[in-house]
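In what follows, chains carry the letters A, B, and so on, assigned in the order in which the sequence lines appear, proteins first and then strands, with residues in each chain numbered from 1.
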Amino acid sequence: MSVVLEARNIVRDYHVAGSLFSKGRTVHAVKGVSFTVDKGKTLAIVGESGCGKSTLARILTLIDPATSGDLFIQGKKVDIAKGDLTKDLRREVQIVFQNPYGSLNPRQKIGDVLGAPLVIHGNVPADERRDRAMAMLKKVGLGEEHYNRYPHMFSGGQRQRIAIARALMLNPSLLVLDEPVSALDLSVQAQVLNLLADLQDEFNLTYVFISHDLSVVRYIADEVMVMYFGEAVEYGTRDEVFSDPKHDYTKTLFAATPRADPASIKARLARKRAA
Amino acid sequence: MALLEIENLVVEFQTSAGMFRAVDGVSLKVDEREVLAIVGESGSGKSVSMLAVMGLLPWTAKVTADKMAFNGRDLLRMSDSERRKIVGKDIAMIFQEPVASLNPCYTVGFQIEEVLRFHLGLGRSQRRARAIELLTAVGIPNPAERLNSFPHQMSGGQCQRVMIAMAIACNPKLLIADEPTTALDVTIQKQILDLLVKLQAEHGMGMIMITHNMGVVAETADRVVVQYKGRKMEEADVLSLFENPRSNYTKALMAALPDNATGDRLPTIADYFKDGTEIAGAAVS
Ligand SMILES: Nc1ncnc2c1ncn2[C@@H]1O[C@H](COP(=O)(O)OP(=O)(O)OP(=O)(O)O)[C@@H](O)[C@H]1O
Ligand SMILES: Nc1ncnc2c1ncn2[C@@H]1O[C@H](COP(=O)(O)OP(=O)(O)OP(=O)(O)O)[C@@H](O)[C@H]1O
Ligand SMILES: [Mg+2]
Ligand SMILES: [Mg+2]
């Protein structure tokens with residue numbers, strides 16, 4: 001089996017400039033993280049809010065450089081500071097941002113948002129662009145009526161699906177998804193997760209899937225990495241991590257998952273009445 | 001008297017393809033100390049109906065209702081200046097997309113303090129102390145230092161917690177929380193939900209909790225409204241909803257939980273209604 005993505009000891013520091021009232025400081029957002037992802041597999045990353053997941057996602061997708069450490073994509077070392085970022089690589093590695101609104105141009109209609117990458121990367125003619133954009137809209141549960149709307153005219157979950165659709169337009173081989181289903185109802189979430197699974201089966205796509213939802217992670221992941229304050233504190237197959245968590249933070253995480261069974265609901269309501 | 005009472009709310013948008021009805025006759029009410037959860041389809045009008053209550057929809061939206069009253073006062077017919085005094089203070093909202101809702105040009109400390117200055121008229125040092133207290137309450141480490149951060153220097157979940165801090169800054173009587181924990185891991189989610197429940201007990205705050213997370217519904221709600229295509233499909237107390245969902249839509253929605261995956265596929269609403277049953281057919285309330 002071939003390794004599509006390898007991270008070796010990735011470190012990322014942010015230097016925050018001081019102001020009149022405060023002195024500058026350094027935030028150690030990612031502190032030496034290493035992992036590999038095989039072709040056609042899904043690595044899920046979970047962890048505390050602020051532990052460095054999105055920072056790592058931007059490094060893996062060649063948007064931001066690492067402070068130190070090495071990144072290999074399909075066996076080749078990639079250093080964006082050295083100009084290794086080719087047009088091909090830019091197409092093959094895509095990201096779905098955690099904050100879809102911020103990644104959409106407010107003055108671009110959704111049809112154009114989806115079609116634009118096909119212009120840059122393939123010179124696809126206009127009517128084919130339109131057809132492919134329409135087809136992709138339907139795959140993520142949106143419709144033709146949405147083609148001519150601007151980003152602000154959508155609901156949160158609809159924008160999240162637009163971001164996923166855009167990332168899929170170029171048939172990437174490595175896709176990093178940062179909280180891609182957090183704004184979706186269970187049925188649309190199921191539709192999107194099924195779509196990702198189908199694409200993985202058909203084209204051997206490789207996913208890095210960041211999520212706070214442990215039931216989604218359990219469903220989608222082959223391997224799981226748990227991050228805590230910039231470090232990978234747990235890393236193993238899905239079954240290893242879920243059935244035998246080693247690190248205290250992982251155990252705390254599993255214990256804090258809300259419970260939706262009638263007995264727990266009854267107990268909570270009784271506590272509220274007593275208060 | 002209910003804290004918030006809405007009857008027959010309709011919201012329509014002008015679009016290039018004509019008028020689009022996003023909210024189609026929704027009625028609901030919330031009492032003091034009560035948590036009403038709104039769940040339902042993505043795009044079913046949950047956020048739009050609450051933005052209508054806040055008076056924050058764009059001009060392309062046409063809002064009508066038979067009644068929209070807060071504490072017995074008619075929100076639709078009060079003057080703009082009267083409404084501005086209530087919105088953000090007595091009625092506060094945690095917006096769904098936190099990073100987009102914060103102003104990128106100002107530090108988070110400035111943005112929280114601005115709420116305290118505008119609505120409570122607090123002086124500089126009191127504002128700062130309260131802002132630190134709020135960031136501490138939502139679990140942001142090094143709060144004093146963090147007041148100087150700009151939104152882009154914080155993670156998605158940290159921005160979400162800043163939004164929560166701003167919304168609870170003035171101890172609102174009604175808190176509208178639109179997907180307030182989507183960017184939080186379950187440990188911090190728990191801390192935030194506990195905080196909101198504590199505010200309810202201490203100040204009698206009423207709350208509307210919009211969420212796709214059935215666990216959050218189970219852990220916070222008293223009553224639940226289920227929405228689909230702009231309409232209310234079902235309203236039930238929380239226990240009945242989980243034990244005995246009545247509308248077709250609710251049953252199908254619950255069936256799509258990832259834990260119910262059969263083999264490799266997750267069931268969707270479309271799978272559930274393969275036999276041609278009308279999804280929205282049997283609205284119950
Ligand atoms: N400015 C606008 N112009 C036209 N249509 C709009 C506008 N804003 C929202 N809509 C539409 O109104 C409907 C309701 O949107 P709303 O944001 O209330 O959905 P929601 O239930 O909150 O969904 P989600 O769970 O995805 O956040 C959606 O179909 C959306 O596309
Ligand atoms: N541009 C920046 N400048 C300074 N600090 C930053 C910057 N971006 C992120 N940080 C800090 O780095 C840490 C990691 O942030 P990151 O966004 O990677 O977290 P995350 O794991 O994605 O969290 P969440 O689950 O809340 O989205 C946080 O403490 C954050 O405040
Ligand atoms: Mg993040
Ligand atoms: Mg919404």
Side-chain angles (χ1 to χ4, degrees), chain A residues 14 16 19 21-22 25 46-50 53-55 98-102 141 145 148-149 152-159 161 178-179 182-191 193-194 197 212-216 218-219 252-253 256-262 264-266 268-269 272 275, chain B residues 13 15-17 39-43 46-48 58 96-97 99-100 141 145 148-149 153-158 160-161 178-179 182-190 197 201 212-219 222 238-239 242-243 252-254 256-259 261 264-270:
Chain A
Y14 291 109
V16 183
S19 71
F21 311 104
S22 61
R25 68 199 161 89
V46 303
E48 197 176 50
S49 168
K53 301 179 296 297
S54 299
T55 300
Q98 183 174 17
N99 162 28
Y101 214 158
E145 71 273 23
N148 280 317
R149 283 202 201 158
H152 75 271
M153 302 165 126
F154 288 89
S155 79
Q158 290 170 336
R159 270 193 289 270
R161 286 178 269 164
D178 195 353
E179 296 285 352
S182 63
L184 305 182
D185 68 76
L186 289 170
S187 174
V188 173
Q189 168 175 291
Q191 183 179 354
L193 294 178
N194 286 340
H212 288 303
D213 188 329
L214 296 171
S215 62
V216 169
R218 190 200 278 263
Y219 169 75
T252 319
L253 204 58
T257 304
R259 311 183 43 155
D261 56 293
S264 310
I265 297 174
K266 277 183 197 151
R268 173 180 66 82
L269 292 173
K272 182 167 179 174
Chain B
F13 288 101
T15 71
S16 52
V39 303
E41 194 201 19
S42 168
K46 303 181 297 294
S47 300
V48 165
Q96 184 173 7
E97 286 157 294
V99 182
E145 206 170 89
N148 301 315
S149 294
Q153 297 173 323
M154 305 192 90
S155 79
Q158 288 166 343
Q160 192 161 44
R161 284 177 275 163
D178 194 354
E179 302 280 1
T182 45
L184 306 180
D185 63 279
V186 289
T187 61
I188 291 181
Q189 169 172 285
K190 189 167 182 340
V197 168
H212 291 302
N213 186 326
M214 290 299 166
V216 170
V217 175
E219 296 229 325
D222 297 301
V238 61
L239 193 57
F242 281 89
E243 281 189 325
L253 191 66
M254 300 283 212
L257 275 169
D259 301 335
D264 265 356
R265 293 201 77 72
L266 285 167
T268 63
I269 300 267

Contact between [X] and [Y] at the side-chain level, heavy atoms closer than 4.5 Å - yes or no?
X: A:Lys266; Y: B:Leu239; result: yes
X: B:Pro258; Y: A:Gln189; result: yes
X: A:Val188; Y: B:Ile269; result: no
X: A:Lys272; Y: B:Asp222; result: yes

Could you pull out the closest heavy-atom pair between [X] and [Y], with the gap in Å?
X: B:Glu145; Y: A:Arg25; answer: OE1-CD, 3.0 Å
X: A:Ser215; Y: B:Asp259; answer: CB-OD1, 3.3 Å
X: A:His212; Y: B:Val186; answer: O-CG1, 4.3 Å
X: B:Thr15; Y: A:Arg149; answer: CG2-NE, 4.4 Å
X: B:Ala218; Y: A:Ala260; answer: CB-CA, 3.5 Å
X: B:Gly43; Y: A:Gln158; answer: CA-NE2, 3.8 Å

Check each atom of [X] against the heavy atoms of chain A and say whether the ones under 4.5 Å are side chain, backbone, both or neither.
X: B:Gln160; result: neither
X: B:Glu41; result: both
X: B:Glu97; result: side chain
X: B:Ile188; result: side chain
X: B:Ala17; result: neither
X: B:Pro267; result: backbone
X: B:Val217; result: backbone
X: B:Ser42; result: both
X: B:Thr187; result: both

Among [options], which residue forms the greatest number of heavy-atom pairs with chain B at distances under 4.5 Å?
options: A:Gly47, A:Ala190, A:Gly141, A:Ala197; result: A:Ala190
options: A:Leu184, A:Asn148, A:Thr55, A:Asn99; result: A:Leu184
options: A:Glu48, A:Arg259, A:Gln191; result: A:Glu48

Examine whether an atom of [X] lies under 4.5 Å from a heavy atom of chain B, and if so say whether it belongs to the side chain, the backbone or both; otherwise answer neither.
X: A:Leu269; value: side chain
X: A:Ser182; value: both
X: A:Arg218; value: neither
X: A:Glu179; value: side chain
X: A:Tyr219; value: side chain

Selection from [options] maximising heavy-atom pairs under 4.5 Å formed with chain A:
options: B:Val99, B:Val216, B:Leu184, B:Val238; answer: B:Leu184
options: B:Ala252, B:Pro141, B:Ala183, B:Pro58; answer: B:Ala183
options: B:Arg161, B:Glu179, B:Lys46; answer: B:Arg161

Just verifying a value: how many Å separate [X] [atom1] and [Y] [atom2], rounded to the nearest 0.5 Å?
X: B:Asn213; Y: A:Asp185; atom1: CG; atom2: CG; value: 12.5 Å
X: B:Gln189; Y: A:Asp213; atom1: CD; atom2: CG; value: 9.0 Å
X: A:Leu193; Y: B:Thr268; atom1: CG; atom2: OG1; value: 11.5 Å

* Look at the side chain of B:Gln158 and the backbone N and O of A:Ser49, then say whether any donor-acceptor pair between them is shorter than 3.5 Å. => no
* To do: Would you confirm whether A:Asn194, through its side chain, and B:Leu266, through its main-chain N or O, come within 3.5 Å as a donor-acceptor pair?
  => yes
* To do: Only counting residues at least two apart or in another chain, list the ones meeting side-chain hydrogen bond (donor to acceptor under 3.5 Å, both in side chains) with A:Ser54.
  =>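 With neighbours one apart ignored, the set is A:Gln98, A:Asp178.
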